[in-house]
Amino acid sequence: MSRILVTFGTRPEAIKLAPLIIQLKKEKSVNLTVCTTGQHRHMLDQAMKVFGIKPDFDMNIMIKDQTIEQVISMVLINIGRIFDIVKPDIVVVQGDTTTAFAISMAAFLRKIKIAHVEAGLRSHDKYKPFPEEANRRMISHIADLHFAPTKKAAMNLTNENIDKKTIFVTGNTGVDALIMTAYRRGKAPIEPLHFLDKKKKLILVTAHRRESFGKPLRDICKALKRIVYICPDVEVLYPVHLNPSVKKTVYRIIKGADRIHLIEPLSYEKFVHVMKLSHLILTDSGGIQEEAPSLKKPVLVMREVTEREEGIAAGCSRLVGLDPASIVRNVVALLDNKKLYSKMANVKNPYGDGKASKRIARILKKIASR
Ligand code: UD1
Ligand code: UDP
């Protein structure tokens with residue numbers, strides 16, 4: 001039996017690896033172990049609960065306001081013992097977080113095969129997003145299998161001289177998670193958010209990128225206040241990320257503003273539900289850029305660069321930067337221009353078809369048994 005160790009630590013990694021874990025559990029020839037670093041706690045637990053994931057190992061490393069160095073050190077200190085117990089043939093990492101980077105580094109040092117899910121995303125700017133662009137570049141150069149979500153991502157890898165034979169274009173597993181959750185049958189209905197006014201257009205907001213801490217995040221908050229001021233028919237729902245650097249700024253500037261609801265992070269199920277209810281989404285998140293087209297929701301990306309260029313090219317998302325005037329202008333344009341709205345909303349999702357995890361599981365099973 002081949003031993004596969006799937007690892008993750010943050011909310012988006014758990015969401016995007018959940019469909020793969022579910023697939024791998026079905027494979028009789030695979031001995032699957034699930035390990036979390038606990039880089040996130042509450043937000044990770046929320047995501048694991050939705051998919052019924054119970055990790056075999058949980059390093060539980062999160063501390064308040066942790067530094068990246070602390071996370072890397074804690075992962076490196078803990079993972080060796082887990083490698084000793086599990087003796088994996090392949091270690092699976094996802095994306096570009098500190099967890100993914102630290103686990104890859106540890107696996108490389110043990111000469112254990114690394115499979116990288118969501119490989120090849122590039123903004124081509126070392127500091128944007130920070131530290132994710134550097135993390136994913138470094139992972140690519142020590143990984144053995146690269147599961148690229150799109151052809152563009154695969155091309156980014158071949159441009160960096162990664163061996164073509166090790167790259168597989170699979171789609172993004174985040175789209176699998178979205179489809180599984182958005183159209184799940186037989187589930188109890190989601191409790192409505194009673195404070196939302198059904199007569200208003202809902203703008204859903206998230207923002208948490210480290211390179212936006214300080215002035216850019218303050219500017220985002222000012223833009224939100226301006227939007228509700230000049231658009232009386234909208235309301236904003238903003239589930240605020242638990243990072244204290246985000247929370248403090250957002251609550252200080254926005255708390256008490258009319259028609260802006262600041263709330264705790266929502267469980268993935270509830271978040272998918274509010275994406276469905278929303279008119280448009282304003283975000284700096286990577287995952288949300290990939291999910292929204294499947295729900296026909298236009299996305300305005302509050303970043304200077306994005307590695308998710310497929311959505312921009314296809315027309316379902318727009319890069320609006322961090323200048324408050326540009327954020328406001330783009331929101332107003334989308335609210336006012338029905339033709340533009342419909343064009344952005346009706347684009348086939350360029351990030352996946354919901355079958356990525358099946359493809360990845362099939363390849364992993366084959367390679368692990370060699
Ligand atoms: C991390 C990832 C980022 C990803 C984001 C997803 C890195 C460097 N960054 O950023 O790529 O987009 O997760 O959300 O890996 N906290 C809690 N409870 C939680 C989660 C976080 O209190 O459930 C607070 C803690 O004080 C923690 C802080 O947020 O120290 C920062 O968490 P961390 O994982 O270091 O960074 P993120 O900004 O969440
Ligand atoms: N998400 C969630 N609850 C929230 C906000 C987001 O479950 O309150 C989900 C969202 O649907 C997406 C993922 O979390 O699947 C994105 O995570 P995040 O924005 O933290 O990280 P990123 O994608 O930017 O790395």
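In listed order, ligands and their atoms are each counted from 1.
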Note: Pro129, heavy atoms under 4.0 Å from ligand 1, region reported as neither

Just checking, is any N or O donor in the side chain of Thr99 or Gln39 under 3.5 Å from an acceptor N or O on the other one? yes

Path from Ile230 to Tyr238 over hydrophobic side-chain contacts below 4.5 Å:
yes

Heavy-atom proximity to atom 7 (C) of ligand 1, picking from Ile68, Leu44, Thr98, points to Thr98

message: What verdict does the side-chain contact (heavy atoms from CB on, under 4.5 Å) test give for Asp284 and Ser212, after you've listed the backbone C-alpha separation in whole Å, the side-chain angles of each residue and the deciding distance to 0.1 Å?
response: CA-CA 9 Å; Asp284 67 5; Ser212 296; 4.2 Å; yes

Check Lys366 with Glu27, please: is the shortest side-chain N to carboxylate O separation under 4.0 Å?
no

In ligand 1, the atoms that come under 4.0 Å of a heavy atom of Arg41 are 19 (C), 23 (O)

At under 4.0 Å between heavy atoms, what of Gln46 touches ligand 2? The answer is neither

- Query: Do His42 and ligand 1 have an N or O pair less than 3.5 Å apart?
  - Reply: yes

Is the shortest N/O to N/O distance between Met43 and ligand 2 below 3.5 Å? no

In this structure, atom 33 (P) of ligand 1 is nearest to the protein heavy atom Gln66 NE2, 3.4 Å

Atom 13 (C) of ligand 2 sits nearest the protein heavy atom Ile15 CD1, 3.9 Å

Closest non-hydrogen contact found for Leu217 with Val246 is CD2-CA, 3.8 Å

Nearest non-hydrogen protein atom to atom 19 (O) of ligand 2, with distance, is Ser285 OG, 3.1 Å

Regarding Arg41 and Asp45, does a basic nitrogen lie under 4.0 Å from an acidic carboxylate oxygen?
yes

A student comparing Met43, Arg209, Met62 should find that the heavy atom closest to atom 22 (O) of ligand 1 comes from Met62

When distances are taken from atom 10 (C) of ligand 2, the protein heavy atom at minimum range is Glu291 OE1, 3.5 Å

I'd like to check whether Phe213 has a polar contact with ligand 1, where a contact means an N/O of the residue lying under 3.5 Å from an N/O of the ligand. no

Under 3.5 Å, N or O to N or O, is Arg11 touching ligand 2 that way? yes

message = Within the structure, is a non-hydrogen atom of Val246 found at a distance of less than 4.0 Å from ligand 1?
response = no

Q. Do any heavy atoms of Arg209 fall under 4.0 Å from ligand 2?
A. yes

Restricting to heavy atoms, the pick from Glu132, Gln70, Arg210 nearest atom 36 (O) of ligand 1 would be Arg210

Closest to atom 5 (C) of ligand 1 among protein heavy atoms sits His208 NE2, 3.6 Å

heavy-atom search around atom 34 (O) of ligand 1 in the protein gives Gln39 NE2, 2.8 Å

Counting from 1 in the order shown, the ligand 2 atoms closer than 4.0 Å to a non-hydrogen atom of His208 are 18 (P), 19 (O), 20 (O), 21 (O), 22 (P), 24 (O)

* Asked: Should the pair Lys276 and Tyr183 be classed as cation-pi, given the thresholds of under 6.0 Å to the six-membered ring centre and 45° from the axis?
  -> yes

Side chains of Thr173 and Ser357: do they bring a donor and an acceptor to under 3.5 Å?
no

* Asked: Got a salt bridge between Arg359 and Asp176, using NZ or NE/NH1/NH2 to carboxylate O under 4.0 Å?
  -> no

Of all protein heavy atoms, the one nearest atom 38 (O) of ligand 1 is Asn243 ND2, 2.9 Å

Relative to the ring of His208, is the ring of His241 parallel (under 30°), tilted (30 to 60°) or perpendicular (over 60°)?
parallel

Would you call Glu309 and Arg303 a salt bridge, using N to O less than 4.0 angstrom?
no

Backbone or side-chain N or O of Pro12 under 3.5 Å from ligand 2 N or O
no

The closest protein heavy-atom partner of atom 24 (C) of ligand 1 is Leu242 O, 3.5 Å

Checklist entry - Are there more than 12 heavy atoms of other residues, nucleotides or ligands under 6.0 Å from atom OH of Tyr251? => result yes

Quiz item: Below 4.0 angstrom, N of the basic side chain to O of the carboxylate: do Lys16 and Glu13 qualify?
Solution: no

- Within a strict 4.5 Å, meaning less than it, do heavy atoms of the Leu335 and Leu280 side chains meet? yes

Are side-chain N/O atoms of Ser294 and Asn349 paired as donor and acceptor at under 3.5 Å?
yes

protein heavy-atom neighbour closest to atom 7 (O) of ligand 2 works out as Tyr268 CA, 3.3 Å

The closest protein heavy-atom partner of atom 14 (O) of ligand 1 is His241 NE2, 2.9 Å

With the 4.5 Å side-chain cut-off for hydrophobic clustering, are Leu178 and Met48 part of the same group? yes

Worksheet item: Hey, is ligand 2 close enough to Leu266 that some N/O pair sits below 3.5 Å?
Response: yes

of all protein heavy atoms, closest to atom 23 (O) of ligand 2 is Gly287 N, 2.8 Å

Just by distance, no angles: are the side chains of Glu160 and Ser140 close enough, under 3.5 Å, to form a donor-acceptor pair? no

Within the 4.0 Å heavy-atom cut-off, what Ser285 brings close to ligand 1 is neither

Under 4.0 Å from one or more heavy atoms of Pro131, ligand 1 contributes atoms 8 (C)

protein heavy-atom neighbour closest to atom 26 (O) of ligand 1 works out as Asp65 N, 2.8 Å

The closest protein heavy-atom partner of atom 10 (O) of ligand 1 is His40 NE2, 4.2 Å

